[in-house]
Number of protein chains: 2
Amino acid sequence: MELNQNIHVAVDAIVFGYTAGKLHVLLIKQKYGLLKNKWALVGGFVKDDESLVDAVHRELYEEAGIRVNYLEQLYTFGDALDRDPRGRVISVAYFALVNSTTLELKADTDAEDAAWFPIDAVPDELAFDHAHILRTAHQRLQSKLTYQPVGFDLLPERFLFSELEHLYTTILGKEIDRRNFRKKMLSFGIVEETNEFGDKKSGRPAKLFTFNKLKYNELVENGFLFEINFA
Amino acid sequence: MELNQNIHVAVDAIVFGYTAGKLHVLLIKQKYGLLKNKWALVGGFVKDDESLVDAVHRELYEEAGIRVNYLEQLYTFGDALDRDPRGRVISVAYFALVNSTTLELKADTDAEDAAWFPIDAVPDELAFDHAHILRTAHQRLQSKLTYQPVGFDLLPERFLFSELEHLYTTILGKEIDRRNFRKKMLSFGIVEETNEFGDKKSGRPAKLFTFNKLKYNELVENGFLFEINFA
DNA sequence: ACAAAAGTGTTAATCTTACACCCATGT
DNA sequence: ACATGGGTGTAAGATTAACACTTTTGT
């Protein structure tokens, strides 16, 4: 095309994981460039013959060696002309969730290091406008939690009800009535009791539950809306 | 930057207006190129030194001579590599609303013609993947209507309650209980009665109402959530 | 026996739904 | 007087919110 445009297109992924009862985010320490040694979101330039999602998956794999559980486009950051010191770059940001069982990471070419940070302990200064992007993603997660069953994508396939409860209270930063929460969540019919028990240090043994995604999709077809709120 | 990337960045705007009791969308007849004479959304390439929103406003002004009332980023379309026959182009799509009082249009350089189409009578074949983008935007409008007071951006500053009612039923394609709708809408305290009357052909004269945006913003600060649903 | 977390019901208050008649104007 | 759309209240049903004690296990 003869058009003389000099704008570059990147993708960035905000990957959330829930481990040790805390929300974590995946960051990469920059290996080269002006921002060397700063922490940044996983991301990079899109190839000419590659779709945006493919680019995200590629970067996630190359830079951190992970496959995500949930991925959706978040927002395209392209209003600040100087958001990248190397030139005009717009970033299509994606929001991703991984379930905490395998948080294995392998550092690779583009990254000196990849690590999970608790959301309340990310480095003060992130590269580019990534602090801003992260804030946006965190808000999206919070609101999404109430009207889409994304919490399950952060938990292992089998989980304790108390873990689910705790995930909600931690991420939303709100207290919750255990009885009402359980009643409401079970009333949807998308969370099922297994007959296994989780292993815990103390207290009464607790059953493991699973999320029935097929059932959920089926209900959605018929106009079901997931919604979980509490004062 | 030495990076050799050959991806172009465009913006497109889906502009909705509500006139004559119907939802309309703004389209432009292509003047040049392979898609000459096809109808398309307002849009074009982003300049190197221009933010994305600025690009949208510029295109809206250049191609249709309008200023919009509400604008938000919708989605970035960049997965189909062949969505634009001219090369690899990703489009950051914006969702816009204009209030129906002034739907003046002036055609200009990039467009042979600009016109409003009723949403249920858009041309069968739109340029690029614009039919798809339009569908996405239409869904966004429908869902947004229920949890954000965007309906007011489609109406004149002073409007009849029946117009508001009608806007909801038309756009959502649902029936509605007039009494319950009015009660709920008024209960928020963001719609105010003026002491003027609208002019109508027949029936009892009806008061004009206004949307108090300041009040709404104030309420939102304090955690208010607009929500309007009906079976 | 005690510490720790799991599991479980009821009631009051609020919100939602369904429903129909009178009112003010123009013709 | 009649046609047209505007304006209004109430009661039943559904949902949400508030609240505390018993159970099962490990130590």
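Reminder, nothing fancy here: chain letters follow the sequence lines and each chain counts from 1.
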Is there a ring-ring contact (aromatic ring centres under 6.0 Å, His included) between A:F188 and A:F224 once you walk through the steps?
CA-CA 9 Å; A:F188 298 143; A:F224 166 75; 5.5 Å; yes
Distance-only donor-acceptor test, A:R179 side-chain atoms vs C:dG7 base atoms, 3.5 Å:
no
Taking [atom1] from [X] and [atom2] from [N], how many angstroms apart are they, rounded to a whole number?
X      : N      : atom1 : atom2 : value
A:L186 : C:dG9  : CG    : P     : 12 Å
A:R178 : C:dG9  : CZ    : C1'   : 14 Å
A:F181 : D:dA18 : CZ    : P     : 16 Å
B:M185 : D:dT8  : CE    : P     : 16 Å

Between CG of B:L167 and OG of B:S162, what distance do you get to the nearest 0.5 Å?
11.0 Å
Separation of A:F161 CZ from A:R182 CZ (nearest 0.5 Å):
5.5 Å
Hey, which sits more toward the 5' end of DNA chain C by its nearest nucleotide, A:F209 or B:D177?
A:F209
Scan A:V68, A:V98, A:V42 and name whichever one has a side-chain contact (heavy atoms from CB on, under 4.5 Å) with A:L26.
A:V42
Sticking with atom C1', work out how far D:dC2 lies from C:dC22, rounded to a whole angstrom.
15 Å
Using a cut-off of 4.0 Å between protein heavy atoms and nucleotide atoms, how would you tag nucleotides 22-27 of chain D 5' to 3' with B, S and -?
-BBBS-
So that I know where these two stand, are B:F159 and B:F211 an aromatic pair - ring centroids less than 6.0 Å apart?
no
Pair B:Y18 + B:F16: ring centers closer than 6.0 Å:
no
Does a nitrogen or oxygen in the side chain of A:R182 sit under 4.0 Å from OP1 or OP2 of C:dG7?
yes
Would you say B:S162 places a side-chain N or O within less than 4.0 Å of OP1 or OP2 belonging to D:dG5?
no
With heavy atoms under 4.0 Å as the rule, sort B:K207 into base, sugar-phosphate or nothing.
sugar-phosphate
Pairwise 5' ranking along DNA chain D for B:N180 and B:L160, keeping only the more 5' one
B:L160
Judged by nearest nucleotide, the residue sitting upstream toward the 5' end of DNA chain D, B:E163 or B:K183, is B:E163
Looking at A:E72 and A:K144, is there a salt bridge between them, counting it only when a charged N and a carboxylate O are closer than 4.0 Å?
yes
